[in-house]
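Some notes on the structure that comes next.
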Amino acid sequence: MTSTLLPGNIVYGGPITEREAQDYRSLGQFVLDKYKGFGDQTVLVDAVSGAEYTASFMHKSIVRLAHILQKLGVKQNDVIGLSAENSVNFALAMFAGFAVGATVAPLNVTYSDREVDHALNLSKPKIIFTSKLTVDRIAKVASKNKFVKGIISFSGSSKNFKNIYALNEMMDDDKYTTSPEFLSPAANKNEDVALIVCSSGTTGLPKGVQLTQMNLLATLDSQIQPTMIPMSEITLLTVIPWFHAFGCLTLITTACMGARLVYLPKFEENLFLSAIEKYRVMMAFMVPPLMVFLAKHPIVDKYDLSSLMVLLCGAAPLSRETEDQIKERIGVPFIRQGYGLSESTLSVLVQNDDFCKPGSVGVLKVGIYAKVIDPDTGKLLGANERGELCFKGDGIMKGYIGDSKSTQTAIKDGWLHTGDIGYYDDDFEFFIVDRIKELIKYKGFQVPPAEIEALLLTHEKIKDAAVIGKPDEAAGELPLAFVVKQANVQLTENDVIQFVNEHASPAKRLRGGVIFVDEIPKNPSGKILRRILRNMLKKPKSKL
Ligand SMILES: Nc1ncnc2c1ncn2[C@@H]1O[C@H](COP(=O)(O)OP(=O)(O)OP(=O)(O)O)[C@@H](O)[C@H]1O
Ligand SMILES: O=C(O)[C@H]1CSC(c2nc3ccc(O)cc3s2)=N1
Ligand SMILES: [Mg+2]
């Protein structure tokens, strides 16, 4: 589908012609019926244990767990928390939540007590699913929040909370149900919230993004395109955390397509590479740090990755150089960048066979409208003009839970204002420049840190880099680079400064200097946590 330009410089990705999912009774029923239809196909593979799960196993288990949730008093639109790493039980808990018409609130398993408390007080879950890894911390924080009535643990328990059920015991106990079927309650799809996902907390405290059943159903209809190879013969791999919007939606979309999804609970170099080799993985969902790993790490040469056809990368900037290095080294035929926000359900822009210029994030998906505006005046901009990206469409969130002020700031007359600066070219292919909040203001110039970082990553002695603005009385801010050197190399601050001087325009020079560090602080999806670096500047003693 090619984009069109509507009056007022509005770019349109075209209509979603498919309506199977959107016209369904509910999201939960859609997933149940899809799984039932795929029968004995393998749909999930645990890369650690090697366990394989068929669609009929998933269907039967979701039905059973849905009955259990109802017996525990979970009603339509109640909130269920889900704090676990990628696992078959994560998928069962989420889909059973959808089946009973509840709202599912995934929680980042690396959250501290304070962050768990913040997230719980956003979504206020009645029941929380936990894994062995998270049960103790969740129990401790839940005991301080009266709205939590019960915890269902995949394994392990805790003395910190009285009402903890063991999932496996309940699943084996026929007192709950032996009925082979379950009818999901009919949903008010535009209002009923399916997911409350926490944004990544890159620019501040995470926000509770409410995604309605229709947000997900429309995304499913836009995503499920006819493919040459039947989806049942496609093996995908994901290590993207399912508690994050990107990971969660890849689980849901692949489940509804009947593909075989190999998952990892967390990234481990050998496990990641051996899973690709062992399961002959064809497509992998990626984030930039994983792409940099594939491009640069020596261990990659030890594995046969020849089955890889497509790498789908998003969530943070991917440099063209990294893309080229991977193609050169591994020969992956297709690297597809996508751009999305928690607030847009899944990606709104994604590259395809016809639109995949190096460094672009692709073109609009069907059902999505875009406009680029001057962030100061609101003026509608045209092709090749840099401004704030705004999107409208069926995947745009209902709003931030408990925060109408931030919702009104983010969504104005139906348009999601992303806070990202970008532009589209004459072919309506989009390019992300940076975030408004991250731009370095040097003497009136707006310097995008991502551009200097991409340049620094091309230096053979530099393993990773992050650039921020160092406050300066005269100039406002001076670009300053935090640099991680490759192992056993000689590299001075002046070498780095000279390198940028030779390759970048004057405003982008590292007048703020260079600080060598052991690692760049990032969140799981590879976003640089610049606020941590800014704090480091204020307190130089703090170590990274
Ligand atoms: N392909 C991409 N290239 C560059 N940036 C991207 C890409 N995909 C996503 N992003 C960035 O990720 C953001 C969406 O990320 P997410 O919703 O996970 O939370 P966040 O915006 O990082 O955190 P918070 O909103 O809590 O500050 C986008 O606004 C954009 O800045
Ligand atoms: O839609 C796709 O095929 C893949 C390509 S990259 C992508 C992304 N989805 C999201 C969702 C939320 C978010 O914060 C970032 C991304 S990138 N989705
Ligand atoms: Mg955001």
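Predicted, not measured: the structure shown is a model, and the values here were computed from it. Note that the numbering runs from 1 along the sequence shown for the chain. Atoms within a ligand are numbered from 1 in the order they appear, just like the ligands themselves.
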Using a cut-off of under 3.5 Å, which N/O atoms of ligand 2 pair up with protein N/O atoms, and what distance separates each pair?
from     : atom 1 : to     : atom 2 : distance (Å)
ligand 2 : 1 (O)  : Ser347 : OG     : 2.4
ligand 2 : 1 (O)  : Lys365 : NZ     : 3.0
ligand 2 : 9 (N)  : Ser347 : N      : 3.3
ligand 2 : 14 (O) : Ser342 : N      : 3.4
ligand 2 : 18 (N) : Ser347 : OG     : 3.3

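Rounding to the nearest 0.5 Å gives a distance of 4.0 Å between CZ of Phe98 and CG of Leu195.
Evaluated by nearest non-hydrogen atom to atom 15 (O) of ligand 1, the leading choice among Lys527, His244, Glu438 is Lys527. Atom 7 (C) of ligand 1 has its nearest heavy-atom neighbour, among Ser360, Ala316, Ser200, in Ala316. The heavy atom nearest to atom 14 (C) of ligand 1, out of those in Gly340, Ser344, Ala245, Gly314, is found in Gly340.
For atom 25 (O) of ligand 1, the closest non-hydrogen atom on the protein side is Lys207 NZ, 3.2 Å. The nearest protein atom to atom 8 (N) of ligand 1, hydrogens excluded, is given as Ala315 N, 3.2 Å; this is a heavy-atom distance. At the shortest separation from atom 4 (C) of ligand 1 among protein heavy atoms lies Pro317 N, 3.4 Å.
Only the side chain of Asp420 comes within contact range of ligand 1, with a heavy atom under 4.0 Å; no backbone atom does. In Val361, the part holding a heavy atom less than 4.0 Å from any atom of ligand 1 is the side chain.
Ligand 1 places these atoms under 4.0 Å from at least one heavy atom of Gln337: 1 (N). Ligand 1 places these atoms under 4.0 Å from at least one heavy atom of Glu343: 17 (O). Of all atoms in ligand 1, listed by their number and element, those nearer than 4.0 Å to a heavy atom of Thr203 are 24 (P), 27 (O). Remark: ligand 1 atoms within the under-4.0 Å shell around heavy atoms of Ser342 are 16 (P), 17 (O), 18 (O). If you number the atoms of ligand 1 from 1 as listed, the ones under 4.0 Å from a heavy atom of Gly201 come out as 23 (O), 24 (P), 26 (O).
The shortest heavy-atom distance from Gly338 to ligand 1 is under 4.0 Å.
Side-chain atoms of Gln223 and Lys365 include a donor-acceptor pair closer than 3.5 Å. Side chains of Ser200 and His244: a donor-acceptor N/O pair is present below 3.5 angstrom, by distance only. Defined by atom type and a distance below 3.5 Å, a donor-acceptor pair is missing between the side-chain atoms of Arg137 and Ser83. Side-chain atoms of Tyr339 and Asp420 form a donor-acceptor pair, as typed in the model, at a separation below 3.5 Å.
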Intermediate values then yes/no, salt bridge (charged side-chain N to carboxylate O under 4.0 Å, His left out), Lys398 and Glu191: CA-CA 8 Å; Lys398 180 176 185 180; Glu191 287 307 312; 3.4 Å; yes
Side chain to side chain contact (heavy atoms under 4.5 Å, CB included) for Tyr263 and Val239? Distances and angles first, verdict last. CA-CA 6 Å; Tyr263 61 83; Val239 63; over 6 Å; no
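Contacts classified as salt bridge (Lys or Arg N to Asp or Glu O under 4.0 Å) and involving residues 329-350 (residues at least two apart or in different chains) are given here: Asp301-Arg329, Arg336-Asp353.
Under the side-chain hydrogen bond (donor to acceptor under 3.5 Å, both in side chains) criterion, Gln351 pairs with Ser360, sequence neighbours left out. Among residues two or more places apart in sequence or in another chain, the salt bridge (Lys or Arg N to Asp or Glu O under 4.0 Å) test is passed with Glu429 by Lys357.
Geometrically, Lys207 engages Tyr400 in a cation-pi contact, judged by NZ or CZ lying under 6.0 Å from the ring centre and within 45° of the ring axis.
Residue Arg435 places at least one N or O, backbone or side chain, under 3.5 Å from an N or O of ligand 1.
Ring orientation note: the planes of Tyr423 and Phe431 are close to parallel, at an angle under 30° on the 30°/60° scale.
Heavy atoms from other residues, nucleotides or ligands lying under 6.0 Å from NZ of Lys522 number more than 12.
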